[in-house]
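Quick note: numbers below take in every heavy atom, side chains included, and nothing from hydrogens, waters or symmetry partners. Just so we're on the same page: letters track the sequence lines, and every chain starts at 1.
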Amino acid sequence: MHLPVFLDDPRRLLSSSAAASASARTLARLHALLIVSSSATHTLISSLAAAYARAGDLAAAESTLTATAASSSIAAWNAIIAAHSRRGSPASALRVFRALPPAARPDSTTFTLALSACARLGDLRGGESVRDRAFDAGYKDDVFVCSSLLHLYARWGAMGDAVKVFDRMPRRDRVTWSTMVAGFVSAGQPLDAIQMYRRMREDGVKGDEVVMIGVIQACTAARNVRMGASVHGHLLRHGMRMDVVTATSLVDMYAKNGLLDVACRVFGLMVHRNDVSWSAMISGFAQNGQSDEALRLFRNMQASGIQPDSGALVSALLACSNIGFLKLGRSVHGFIVRRFDFNCILGTAAIDMYSKCGSLASAQMLFNMISDRDLILWNAMIACCGAHGRGQDALTLFQEMNETGMRPDHATFASLLSALSHSGLVEEGKLWFGCMVNHFKITPAEKHYVCLVDLLARSGLVEEASDLLTSMKAEPTVAIWVALLSGCLNNKKLELGESIADNILELQPDDVGVLALVSNLYAATKKWDKVRQVRKLMKDSGSKKMPGCSSIEIRGTRHAFLMEDQSHPQREEIVSKVAKLDLEMRKMGYIPRTEFVYHDLEEEVKEQQLSYHSEKLAIAFGLLNTGPGTRLVIIKNLRVCGDCHDAIKYISKIADREIVVRDAKRFHHFKDGVCSCRDYW
DNA sequence: CTAGGGTTAG
């Protein structure tokens with residue numbers, strides 16, 4: 001037993017580094033001995049309490065101080081408050097702060113800790129009362145106190161107040177500056193963040209990693225890769241520590257700006273990578289449409305022994321959504337259920353995955369299981385119903401959402417209006433558009449106008465839609481004109497349609513689908529020279545666009561089909577299946593719509609080209625490889641053309657199959673010769 | 001004994 005030795009000089013023990021790492025148990029024995037031997041002085045008790053706090057026994061620390069003369073020792077209390085903070089319980093930190101005995105006079109450290117706790121809790125009013133006490137106690141010009149006050153405001157979007165504090169600070173250090181930079185970034189003002197950094201440099205303050213991370217994020221948000229790269233160079237030249245966080249923000253900066261190869265190189269050069277670094281890289285691929293690569297990385301991450309965090313899982317789910325990989329999506333969902341609490345972010349990503357993989361039922365089931373729903377989760381589920389052609393369900397959900405007191409935002413209405421439009425619920429669409437503007441005071445954006453115009457025009461109310469355009473403050477965009485034009489074409493309002501087509505051409509669209517619509521309209525009015533002119537534009541933009549690709553998942557394996565790709569082992573069988581279907585379709589009245597072939601070819605060759613459209617190949621493959629009655633889910637990267645849309649209706653009848661096609665815009669549910677979406681051009 | 005930092009959903 002060596003404790004008595006300590007008793008010779010407990011003072012030395014408590015100030016030595018041994019105490020810093022002493023266990024709470026050792027400290028307790030020492031404590032007891034101090035009391036028994038009546039040698040517990042004020043200073044000793046205070047140091048002991050601080051040592052308890054460092055060792056993590058906060059209850060012991062507090063009870064050591066309470067009811068002794070040492071309870072006036074602010075240093076000991078600070079140690080306790082700091083320990084609560086480190087442990088991630090700001091509420092406990094504040095509780096201790098508020099219950100300080102009157103004899104313990106808070107100092108700069110105490111106020112700083114309390115303000116930081118308020119910032120973490122988002123307790124602005126509590127923070128302001130701490131501020132008042134700090135200022136009264138004479139810490140008005142204290143850099144630590146002011147910087148944490150600044151952070152409180154900046155972190156919660158009150159940049160105006162943050163600037164006020166900042167402006168009257170007599171002294172600023174790099175923490176002050178970096179707080180301002182990060183504040184502007186999270187307030188969505190990246191240019192002001194960069195401006196702050198410039199001011200800092202003019203003031204002669206050198207940036208450290210933390211400031212630079214803020215600047216990198218600002219470059220990411222401002223889409224300024226050039227400056228981002230120069231910051232990167234600056235870091236390297238000045239030999240700044242490339243820690244995980246710095247490197248990760250660089251990876252993110254390059255990836256979000258489309259420089260995936262550079263992002264990869266930075267990622268590859270990292271000495272230590274943690275879950276967040278992997279997440280940044282995976283999301284970079286997923287958001288740049290390289291979903292297969294994102295999923296490969298996701299597997300690599302697990303293989304290298306890093307447990308995916310929620311960021312990586314969300315990105316993996318996003319990648320599964322993009323390519324419609326239901327089996328993998330399900331397994332990621334299963335992984336989450338086993339290891340995580342299902343929060344709203346993960347829930348939203350999973351619901352979106354099920355939705356985009358064609359499984360409305362799974363999305364609904366998951367939604368019903370989540371009881372604590374936030375705005376984005378509701379929006380995702382409403383969008384899901386809409387995408388699957390369930391306008392009425394979307395409306396019911398929307399009303400349910402309102403009943404819970406959740407306030408809809410612009411995205412909610414975009415999803416709702418789009419759902420109503422796809423289901424042809426005209427009266428409801430008009431009603432809720434008006435309600436959005438008048439009751440919820442949301443200024444309609446382009447997407448809202450597109451939905452409403454589409455809804456009106458499709459339903460034959462072309463004039464009403466046209467009036468809506470004139471009532472708009474801004475000039476109509478291509479998307480809005482297109483919605484109106486397709487209504488004109490479907491409802492044979494050719495005269496109005498022609499002037500709209502002219503308007504669209506003036507805006508120089510390069511979208512082949514848009515041009516096809518315009519060309520179809522000119523064909524309907526027999527303006528053949530204009531048809532030729534538009535078809536030339538289509539040829540130019542058609543050669544630039546990516547090839548159409550469709551995929552189908554059969555028993556957990558994905559099969560992708562491109563028009564040009566001859567390499568599929570079952571290619572011949574597939575092509576002859578399509579030909580057989582084609583024959584039957586024609587007997588039932590199908591007429592190939594060769595206007596959807598954009599190359600100058602003989603009519604016969606054009607018809608053949610139509611047979612090679614990727615969605616037809618994928619469907620034929622699906623029919624060959626699944627049993628009768630199995631539902632087929634096709635994921636297509638571009639929009640389904642009018643010809644395929646007609647053809648799949650017939651195929652669903654002939655093969656007696658439910659066929660779901662997800663194109664770049666939405667879902668088409670084909671069954672018994674009809675599609676859930678209304679007229680299609 | 002004290003303040004500031006990265007990824008992820010509609």
Side-chain angles (χ1 to χ4, degrees), chain A residues 46-47 49-50 53-54 73-83 85-86 106-117 119 139 142-152 154-155 173-183 185-186 208-217 220 243-253 255-256 274-284 286-287 308-318 321 343-353 355 374-384 386-387 408-412 414-415:
Chain A
S46 156
S47 313
R54 274 196 301 271
S73 158
I74 195 61
W77 286 112
N78 287 345
I80 293 174
I81 298 172
S85 258
R86 271 199 304 275
D107 61 4
S108 158
T109 306
T110 326
F111 289 123
T112 302
L113 284 164
L115 283 166
S116 152
Y139 294 106
D142 186 282
V143 199
F144 276 79
V145 169
C146 289
S147 292
S148 16
L149 179 61
L150 201 63
H151 178 234
L152 171 71
R155 168 83 201 275
D173 62 10
R174 56 182 79 187
V175 175
T176 320
W177 288 102
S178 70
T179 307
M180 287 302 282
V181 172
V185 170
S186 59
D208 64 357
E209 295 84 1
V210 183
V211 186
M212 298 323 273
I213 287 162
V215 180
I216 293 167
Q217 283 183 283
T220 310
D243 61 20
V244 209
V245 183
T246 316
T248 302
S249 21
L250 283 171
V251 168
D252 183 55
M253 188 269 296
K256 281 226 178 73
N274 62 15
D275 46 358
V276 183
S277 332
W278 282 94
S279 296
M281 199 62 243
I282 293 170
S283 87
Q287 290 177 346
D309 64 338
S310 65
L313 293 163
V314 166
S315 298
L317 286 170
L318 178 67
S321 312
N343 62 31
C344 277
I345 295 187
L346 285 164
T348 304
I351 283 175
D352 188 58
M353 180 277 294
S355 170
D374 70 359
L375 176 65
I376 299 181
L377 188 73
W378 280 102
N379 288 354
M381 196 59 223
I382 292 173
C384 172
D409 69 350
H410 63 101
T412 318
S415 301

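Going from atom CD1 of A:Ile382 over to atom P of B:dA9 covers 19 Å, rounded to whole Å. Counting to the nearest Å, the P atom of B:dT7 and the CG atom of A:Leu318 are 16 Å from each other. Nucleotide B:dC1 holds its C1' atom 7 Å from the CG atom of A:Leu113, rounded to whole Å. Atoms CG (A:Asp142) and C1' (B:dT2) sit 9 Å apart, rounded to a whole Å. A:Glu209 has its CD atom 14 Å from the P atom of B:dG6, to the nearest Å. Taking atom CD of residue A:Gln287 and atom C1' of nucleotide B:dA9, one finds them 10 Å apart after rounding to whole Å. In this structure, CZ of A:Arg155 is placed 12 Å from C1' of B:dG5, rounded to the nearest angstrom. A:Ile282 has its CD1 atom 15 Å from the P atom of B:dT7, to the nearest Å.
Candidate nucleotides B:dT7, B:dG5, B:dT2 were compared by shortest atom distance to the side chain of A:Thr246, and B:dG5 ranks first. Closest to the side chain of A:Ser310, out of B:dT8, B:dA9, B:dA3, is B:dT8. If you check B:dA9, B:dA3, B:dG6 against the side chain of A:Ile376, the one that comes closest is B:dA9. Comparing B:dG4, B:dT7, B:dC1 by their closest approach to the side chain of A:Asn78 singles out B:dC1. Checked against B:dG4, B:dA3, B:dG5, the side chain of A:Val245 finds its nearest nucleotide in B:dG5. For A:Ser148, the listed nucleotide lying nearest its side chain is B:dA3; candidates were B:dA3, B:dG6, B:dT2. Of the candidate nucleotides B:dT2, B:dG5, B:dT8, B:dT8 has the atom lying nearest to any side-chain atom of A:Ile345. Side chain of A:Ala280, nearest nucleotide from B:dT7, B:dA3, B:dG6: B:dT7. Here B:dG5 is the nucleotide among B:dG6, B:dG5, B:dT7 with the atom lying nearest to any side-chain atom of A:Asp243. Listed nucleotides: B:dA3, B:dT7, B:dC1. Nearest to the side chain of A:Asp107: B:dC1.
Applying the side chain to side chain contact (heavy atoms under 4.5 Å, CB included) test between A:Ser315 and each of A:Ser283, A:Ser310, A:Pro308 identifies A:Ser283 as the sole match.
At a cut-off of 3.5 angstrom, counting only N and O atoms as typed in the model, there is a donor on one side and an acceptor on the other between the side-chain of A:Asp208 and the base of B:dG4. At a cut-off of 3.5 angstrom, counting only N and O atoms as typed in the model, there is no donor on one side facing an acceptor on the other between the side-chain of A:Thr248 and the base of B:dT7. At a cut-off of 3.5 angstrom, the base of B:dG4 holds at least one donor-acceptor pair with the side chain of A:Ser178.
Here the CD1 atom belonging to A:Ile351 is positioned 7.5 Å from the SG atom belonging to A:Cys384, to the nearest 0.5 angstrom.
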